[in-house]
2 protein chains.
Amino acid sequence: MARRSDHSREEIKEMALNAAQEILDREGAKKLSARRVASEIGYTVGTLYLVFKNQLEMVLHINALTLDEMNEWLAERSASCDSPRDCLVNLAEAYIDYAIKKQERWNLLFDTVAEGEERLPDWYEERLGRLFGQVEQVLAPLKSGHDEIEVQRAARVLWASVHGICTLKLRHRLVLAGGQSTEEMAQMLIDNFLAGFGQ
Amino acid sequence: MARRSDHSREEIKEMALNAAQEILDREGAKKLSARRVASEIGYTVGTLYLVFKNQLEMVLHINALTLDEMNEWLAERSASCDSPRDCLVNLAEAYIDYAIKKQERWNLLFDTVAEGEERLPDWYEERLGRLFGQVEQVLAPLKSGHDEIEVQRAARVLWASVHGICTLKLRHRLVLAGGQSTEEMAQMLIDNFLAGFGQ
DNA sequence: ACCTGAACACCGTTCAAGT
DNA sequence: ACCTGAACACCGTTCAAGT
């Protein structure tokens, strides 16, 4: 049993987040509880509340780590591509791949709803911005002039769309679609979207 | 306190689903529990398990009612429109409206993940099919010949996309988008998508 | 036959009390 | 000062026992 001063607050926080991610990956979101995390790191439940305001805050920190991991994953996997169209398809496929491979983290990332429609913390929004930034970089050359706002908007619309395809497919809400794979759907979206964008 | 034979199994089921919807609308998904529903209809928890296999099954039944309500809402609100483009915009706006007005039902509808990637029940998939059917009807005239499969696919891709915009916006994942509303995003999607579809 | 209610194994959150 | 652990108010699910 851990004793006082064995670890700093920061250390406890890190241990807790690591334990949480393992529980999530191995046993799913349902098994992720404050009590479980605490016992996994050798502390009492009470201790977790010295380090996180409540469960939601702990989940938001897990989600920040997920966003970091996903941003890196996307950057790596979409590095080499010739045309904007190919870059977008690569990004979409990397996104879908990540969602499949890390389903539990991905679900937690998007299911978590902030209490009473508060805004999300800054460090959370900043990471979301980086995700959209990767799409913006691909779309920017297609828009003549430097209409940044329009590129930002298109990136969000397109990425929200890829996200919708991904989430509905993973949750079996896209029945009877003629056996189309998630990747084919994303390609169809991207091709049609690009036909209208930047002309 | 209700006594035995006061109500048939079907009646208990109906009472439970009504109570569940009220709890959901008034207090949110967090407050929705088997114990709470049971006490609301004057029965004991155990009784609910005579009528539903478990909590997931109860939620699936609630979701079926939500899908019925949403299908009706969409049919009514998108009845009058001149061009396919307008019809799609109407449908999208009706969809977004429903999601905002009945957020708790809408969240429960899409967050619920079937245990161990089972397929959803037939009566559930049938209702999802009707939802996509409304989009197919609008897209069909745009595709020459009778390429039904292609229309089905496009309807699913487009609707999943609208769904993605809707869910990310409601959950505050679309920060820094130049103040674009959900409706404007849906329009941008539809206009760009149609530019590539059916040409 | 129908339903209860107690039991089991869990939750999140708080806070007086111990070291 | 730091952490505990017991308390409070809940969960889902099961099933022997009562009417």
Side-chain angles (χ1 to χ4, degrees), chain A residues 1-17 19-20 22-24 26-63 104 107-108 111-116 118, chain B residues 1-17 19-20 22-24 26-63 104 107-108 111-116 118:
Chain A
M1 179 66 66
R3 308 195 156 278
R4 48 193 160 129
S5 296
D6 264 10
H7 305 96
S8 72
R9 249 134 157 112
E10 271 317 306
E11 284 171 329
I12 293 176
K13 205 166 183 166
E14 212 187 304
M15 290 159 66
L17 289 174
E22 276 192 18
I23 295 165
L24 194 55
R26 291 216 278 254
E27 302 172 48
K30 263 191 184 165
K31 294 282 181 183
L32 183 62
S33 70
R35 292 178 122 101
R36 180 69 200 286
V37 169
S39 94
E40 210 77 48
I41 64 174
Y43 278 86
T44 282
V45 225
T47 306
L48 270 196
Y49 284 82
L50 298 170
V51 145
F52 299 110
K53 208 181 83 203
N54 52 31
Q55 193 168 244
L56 178 62
E57 205 191 80
M58 189 180 79
V59 169
L60 289 181
H61 277 91
I62 298 171
N63 286 348
E104 293 292 341
N107 284 337
L108 195 68
D111 284 351
T112 311
V113 185
E115 217 66 32
E118 287 170 68
Chain B
M1 181 64 68
R3 309 193 156 279
R4 48 189 160 133
S5 296
D6 264 12
H7 306 96
S8 72
R9 246 139 225 239
E10 272 316 307
E11 282 171 331
I12 292 176
K13 206 166 183 168
E14 212 188 305
M15 288 159 66
L17 290 174
E22 276 192 18
I23 295 164
L24 194 55
R26 291 216 278 253
E27 301 171 49
K30 263 191 183 163
K31 295 283 180 181
L32 184 61
S33 70
R35 291 178 122 100
R36 182 67 201 286
V37 169
S39 94
E40 210 77 49
I41 63 172
Y43 278 86
T44 282
V45 225
T47 305
L48 270 195
Y49 284 81
L50 297 171
V51 145
F52 300 111
K53 207 182 82 202
N54 54 28
Q55 193 168 242
L56 178 61
E57 204 191 83
M58 189 180 79
V59 170
L60 290 181
H61 277 91
I62 298 171
N63 286 349
E104 293 293 341
N107 284 337
L108 194 68
D111 285 350
T112 312
V113 186
E115 219 63 34
E118 288 170 69

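Letters go in sequence order (proteins before strands), and every chain restarts at 1. A quick note: this is a predicted structure, and the numbers were derived from the prediction, not measured.
- Put simply, the side chain of Leu108(A) reaches to within 4.5 Å of the side chain of Leu32(A), judged on heavy atoms.
- Taking a 6.0 Å sphere around CD of Glu40(B), one finds it holds more than 12 heavy atoms contributed by other residues, nucleotides or ligands.
- With C1' as the reference atom, dC3(C) and dC15(D) are 12 Å apart, rounded to whole Å.
- The CG atom of Leu48(A) sits 12 Å away from the P atom of dC11(C) (whole-angstrom rounding).
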**Q.** Full working for side chain to side chain contact (heavy atoms under 4.5 Å, CB included) between Phe52(B) and Leu17(B)
**A.** CA-CA 11 Å; Phe52(B) 300 111; Leu17(B) 290 174; 4.0 Å; yes
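- Between dC3(D), dT13(D), dT13(C), one nucleotide has an atom nearer to the side chain of Arg35(B) than all others, and that is dT13(D).
- The closest donor-acceptor contact from the side chain of Glu104(B) to the backbone of Gly28(B) lies at 3.5 Å or more, if one exists at all.
- Side-chain N/O atoms of Tyr49(A) include one lying less than 4.0 angstrom from OP1 or OP2 on dT13(C).
- Atom-to-atom, CZ of Phe52(A) to P of dT13(C) comes out at 12 Å; the value is rounded to the nearest Å.
- Atom-to-atom, CD of Gln55(A) to P of dC10(C) comes out at 16 Å; the value is rounded to the nearest Å.
- Rounded to an integer number of Å, the gap from OH of Tyr43(B) to C1' of dC2(C) is 9 Å.
- Residue Val45(B) places its side chain closer to dT13(D) than to any other of dC3(C), dT13(D), dT13(C).
- Side-chain proximity of Asn54(A) to the nucleotides dG5(D), dG12(D), dT13(C) is greatest for dT13(C).
- Lys30(B) has its NZ atom 15 Å from the P atom of dC10(D), to the nearest Å.
- Across every strand in view, dG18(D) sits in a pair with dC2(C) that passes the Watson-Crick or G-U test at under 3.5 angstrom.
- Atom NZ in Lys31(A) sits about 10 Å away from atom C1' in dA9(C), given to the nearest Å.
- Nucleotide dC2(D) holds its C1' atom 14 Å from the NE2 atom of His7(A), rounded to whole Å.
- The CD-P distance, from Glu40(B) to dC10(D), rounds to 13 Å in whole Å.
- Across all strands shown, dC10(C) remains unpaired; no Watson-Crick or G-U wobble contact has both distances below 3.5 Å.
- Considering only side-chain N and O atoms, Thr44(B) lies nowhere under 4.0 angstrom from the phosphate OP1 or OP2 of dC3(C).
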Q) What's the verdict on side chain to side chain contact (heavy atoms under 4.5 Å, CB included) for Met58(B) and Val37(B), showing C-alpha distance, side-chain angles and the deciding distance? A) CA-CA 10 Å; Met58(B) 189 180 79; Val37(B) 169; 4.1 Å; yes
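- With distances taken from any side-chain atom of Leu50(B) to the nucleotides dC3(C), dG12(C), dT13(D), the minimum falls on dC3(C).
- Nearest to the side chain of Arg9(A), among dC3(D), dT4(C), dT13(C), sits dC3(D).
- Nearest-nucleotide positions on DNA chain C for Arg36(A) and Thr47(A) put Arg36(A) closer to the 5' end.
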